[in-house]
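Single-structure report; data block below.
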Amino acid sequence: MPEDESREELSTVYDPSEVEARWYAFWEGRGYFHADPESDKPRFSQVIPPPNVTGVLHMGHALNNGLQDVIARRRLMQGYEVLWMPGTDHAGIATQNVVERQLEAEGTDRHELGREKFVERVWQWKEEKGGAIISQLKRLGCICDWERTRFTMDEGCSLAVRTVFKELYDAGLIYRGKYIINWCTRCHTALSDIEVEHEDKAGHLWHIRYPYADGSGFIVVATTRPETMLGDTAVAVNPSDSRFTDVAGRTVILPLVERRIPVINDRFVDPGFGTGAVKVTPAHDPNDFEIGRRHSLEQVNILNPEGTINENGGAYAGMDRYEARDAVVADLEARGLLEKIEDHQHAVGHCYRCGTEVEPYLSTQWFVKMEPLARPAIEAVRDGRTTFTPERWTRIYYEWMENIRDWCISRQLWWGHQIPVWYCDDCGEQVVEIEAPKACPCGSANLRQDPDVLDTWFSSGLWPFSTMGWPERTRTLAEFYPTSVLTTAHDIIFFWVARMMMLGLRAMGDVPFREVFVTALVRDYEGKKMSKSSGNVIDPIDVIEVYGTDALRFTLASIAVPGRDINLSEERIAGNRNFVNKIWNAARLVTMNLEGFEPGADVPGDSLELADRWIMSRLSDVIERADAGMEVFNFSMAGKALYRFFWGDFCDWYLELAKPRLYRGGPEERRAAQWVSWRVLECALRLLHPYMPFVTEELWQRLPGAGESIMLASWPSAGDFARDPGAAMEMELIQEVTVGMRSARSEHGIPPGAKIDAVLVCAPGAREVLERQSSYVESLSGLAGIAFSDKPPGEGYGMRVVVEGAEAYLSYESGVDAAGEIDRLARRLAKVEVELERCVAKLASAGFVSKAPPEVVEKEREKERELREKRGKLNAQIAALEGPGGA
RNA sequence: GGGCGUUUAGCUCAGCGGGAGAGCGCUGCCUUCACACGGCAGAGGUCACUGGUUCAAAUCCAGUAACGCCCACCA
């Protein structure tokens, strides 16, 4: 940064907007984000979960990518060669929908445009508008290796897709067939099973009479979708059902359609449900499809792709499916064939992209055989090659993998990877190739490529290696695959994580990632899902503009407890904006007092005071805690430790104790305080950097002796600072006495500015410490001076108070209220009494003394002694105040 | 139907076998030379309920309830 800039006086309020863009450009310009496969550092790699090109940054992204950035920045500082692979996903349906809506607004549609023009149009859209999210990720501070940015439909990823397809096809793991699939009548495409979201809905169970052909009454079936009866080709009963012993083999007349259909036996039928007799619609229900196959039933498709009844629906042809339902029910009722209608709760499937009710639909599609791919993917987790955090996702992964069903991968869309299969119009051969073949093996050039495209998740499933150059064996692949960590929200474990495992193991022969870190979902402050319709969306970019990126990142990271969803509120972000500001101002204090300071030379150990030794000891603790938290993805634990240390220990205590020396200390004292405050601040900034990249860089650069960038600085180690248990104990005493003094002052209304004297009476051990550090207590408690004595002072002193560890006598008369002090002491006494009672009871229990570990018992005894002493002092004080001489 | 998670201060949440914690909010005092996006002090809780294990349970086990989520082809 330019010289004059760093000399500039710091404002009392941190302004993130000015700082963030400047540093991001600096880092990116220096190439810090770029991973070098030739370096000799240890490797760390991760791939971004590619956001949809249509996407805009939401809180889920901010959390997910913010945490990945925390991980990446820490690894970078730890000396790893870090590769964070970025890119976007072509998001088949979502993107096609966006452009289709555009066309609609222009009064046209894709069919009018034609496939080639339409796809061109989508590409054009992608170039212009797609990937806005990339620049948003930069505002978040993400250190992705942008030079490597990929797109699931770029040339390399497309080649990987075709290569994997052919390999699986040649191995017999991809097949084509006519099955019941989930059909979205709005998107006009098949969906895989996991792309269907089930929702319980209040519906009805219609009981319908199907008359026997011989006129001898009827059999009653129950259904939740009466319109599908138009496609019925049988009625099934369970052979063990005594109510229906003789009906199999008979014929019924399908009402409205007047088709003769058989009654059959099938063990699938549950005698306990409905009427025990099931209408069988092989073309519109997966179970019925299976029954139909077992009994060679005809499959009558009654629906058009857009969800209207087709010509097989007779009089109902042309009606919308729901319209047809009403009409069918009305007609049945008119004919006296509707026996009854029951209320019935049942799950209805909806398209995960557009929310339309999905139809089970018979059509010819491509599938991947999953079981052979799932087995190694289960093995890899079982033998620990990949682990999940939190651990409980392991079981959920197993359960899904073990019950996996074949994956429908063909989509009737235009935007996506067109299936690399060509059909010969002459010999009917099906040719699968990586590059478009010129001719069929039969010599014919009349080849037509399959019009369908692949499920978007097919290409996302290859992401960890397709982005590194596969199928070419690149250096990047050799150096950075498998990746170290995959960070993702739990809603795409099945869509994405599971598929990457299966396909990675298949194509690369090794797992795609060593660890999976499953993040929480971000919800609003009431725990509701954020959604546009609820109006409870907090836009990360808005937050960044108001509070700054660092405040947002710190907030998200410090409430990210593994395994629990996050309820985000703006107040919380504001609170952490204040923390960022606190850091800013602490740094101001330190830097404003560094004149004449040379960072080079060490400070002699004997010029360090108690506070100096204490804060460095605390820093050593917090380094350990914060680092341990980050190591196990407990970013909340680490964040809290950092917050407490910086605000609580460093600002509230250490800097207050350093001020007298910084402002008016002798040269040596001043230098020691400068040195320690500088070192501790510098180290704390490095520790905080992964969470708050911008403010830490800005402040770090202003410190003497700073290097090129905090990003290149080393990660702190607990061993950099000495542990000092003695200093910790002494400081604890100082803090207790200080809090006691301040409490007494505050509750008696002694003005904060009133400099008063105090006499302390305390045990020899405490006295030694307090006497040695009396200046600490004086400055922290706003006292003019402290004297020490073995006995209470004479009549000149107005107030006697008890503080933890000592009795204090304050020389302040006016306004002192004996009743108030008695009340204050009585409240403390009550607390002590309760604690003591529990303590005594515990020690009186024979079981405790004999069975609890000795150190626990000893600790309890020590506690009892302390409590008794405290109680004694409090009682004596109260008595003194109540007595004739007291008040 | 199966599974999982949550239930701790007014709110949002940590803690997950040995002294009930944080942030925000609230009350009082303080515009003191880093910060009012601040300082100091304080109020506030039978840790959902019932039973069990243990010398000891917010913490482990079992069950109950409420809320939330995921999976599932009983029409």
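Heavy-atom basis, side chains included; hydrogens, waters and symmetry copies ignored. Worth saying up front: this structure is predicted, and the values here are computed from it rather than measured. In what follows, chains carry the letters A, B, and so on, assigned in the order in which the sequence lines appear, proteins first and then strands, with residues in each chain numbered from 1.
More than 12 heavy atoms of other residues, nucleotides or ligands shown are found within 6.0 angstrom of CZ on R209(A).
As a whole-Å value, the separation of K640(A) NZ from A22(B) P is 11 Å. Atoms CZ (R745(A)) and P (A41(B)) sit 12 Å apart, rounded to a whole Å. A straight line from CE of M637(A) to C1' of C16(B) spans 14 Å, rounded to a whole angstrom. In this structure, R395(A) atom CZ and G3(B) atom C1' are separated by 7 Å, rounded to whole Å. Note: CZ (F848(A)) to C1' (G19(B)) measures 11 Å, nearest angstrom. The CZ atom of R865(A) sits 17 Å away from the P atom of G19(B) (whole-angstrom rounding). The interatomic distance linking K851(A) (NZ) with C55(B) (P) rounds to 4 Å, in whole Å. Rounded to an integer number of Å, the gap from CD1 of I180(A) to P of A75(B) is 15 Å.
Between W393(A) and G5(B) there is no side-chain N or O to OP1 or OP2 distance below 4.0 Å. Between G42(B) and S743(A), a contact under 4.0 Å exists linking OP1 or OP2 to a side-chain N or O. Within the structure, every side-chain polar atom (N or O) of R225(A) is placed at least 4.0 Å from both OP1 and OP2 of C74(B). For C74(B), the OP1/OP2 oxygens have no side-chain nitrogen or oxygen of H344(A) closer than 4.0 Å. An OP1 or OP2 oxygen of C71(B) is reached within less than 4.0 angstrom by no side-chain nitrogen or oxygen of N403(A).
Ion pairing between E855(A) and K859(A) fails under the 4.0 Å rule for side-chain N and carboxylate O. R702(A) and E698(A) are joined by a salt bridge, as a carboxylate oxygen and a charged side-chain nitrogen come within less than 4.0 angstrom of each other. A salt bridge links E747(A) to R827(A): at least one charged side-chain nitrogen sits closer than 4.0 Å to a carboxylate oxygen. Salt-bridge formation is not detected for the pair E866(A)/K863(A): no Lys NZ or Arg NE/NH1/NH2 atom is positioned less than 4.0 Å from an Asp or Glu carboxylate oxygen. For E402(A) and R395(A), the salt-bridge test fails: no basic side-chain N is under 4.0 Å from an acidic carboxylate O.
Taking atom C1' in both A58(B) and C29(B), the straight-line distance is 35 Å, to the nearest Å. Here the separation of G28(B) from C33(B), taken at their C1' atoms, is 26 Å to the nearest Å. Look at the P atom in both G21(B) and G42(B): the space between them is 13 Å, to the nearest Å. Spacing of P atoms, U31(B) relative to G23(B), comes out at 24 Å, to the nearest Å.
If you check every strand for non-hydrogen atoms under 4.0 Å, H284(A) touches nothing.
The backbone N or O of L780(A) sits less than 3.5 Å from a side-chain atom of R742(A), completing a donor-acceptor pair. Between the side chain of R243(A) and the backbone N or O of P271(A), at least one donor-acceptor pair lies under 3.5 Å. Remark: the backbone N or O of A611(A) is paired with a side-chain donor or acceptor of Y776(A) at under 3.5 angstrom.
Side-chain proximity of H198(A) to the nucleotides A72(B), A75(B), G23(B) is greatest for A72(B). Among the nucleotides G19(B), C40(B), C70(B), the one closest to the side chain of R742(A) is C40(B). For R588(A), counting side-chain heavy atoms from C-beta on, the closest listed nucleotide (A41(B), G38(B), C35(B)) is C35(B). Side-chain proximity of P752(A) to G5(B), C29(B), C55(B): nearest is C29(B). The listed nucleotides are G18(B), G19(B), A43(B); the one nearest the side chain of K863(A) is G19(B). When distances run from any side-chain atom of P853(A) to the nucleotides G18(B), A43(B), G38(B), the shortest one goes to G18(B). For W647(A), counting side-chain heavy atoms from C-beta on, the closest listed nucleotide (A75(B), G19(B), G38(B)) is G38(B). Side-chain proximity of K842(A) to the nucleotides C35(B), G19(B), C55(B) is greatest for G19(B).
Checked by distance alone, R577(A) brings a side-chain donor or acceptor within 3.5 Å of a matching partner on the base of C37(B).
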Dot-bracket summary - RNA chain B, pairs being Watson-Crick or G-U whose distances fall under 3.5 Å, with | when paired to another strand: ((((((((.[[[[.)..(..]]]].(((((.......))))).....[[[[[..)....]]]]])))))))....
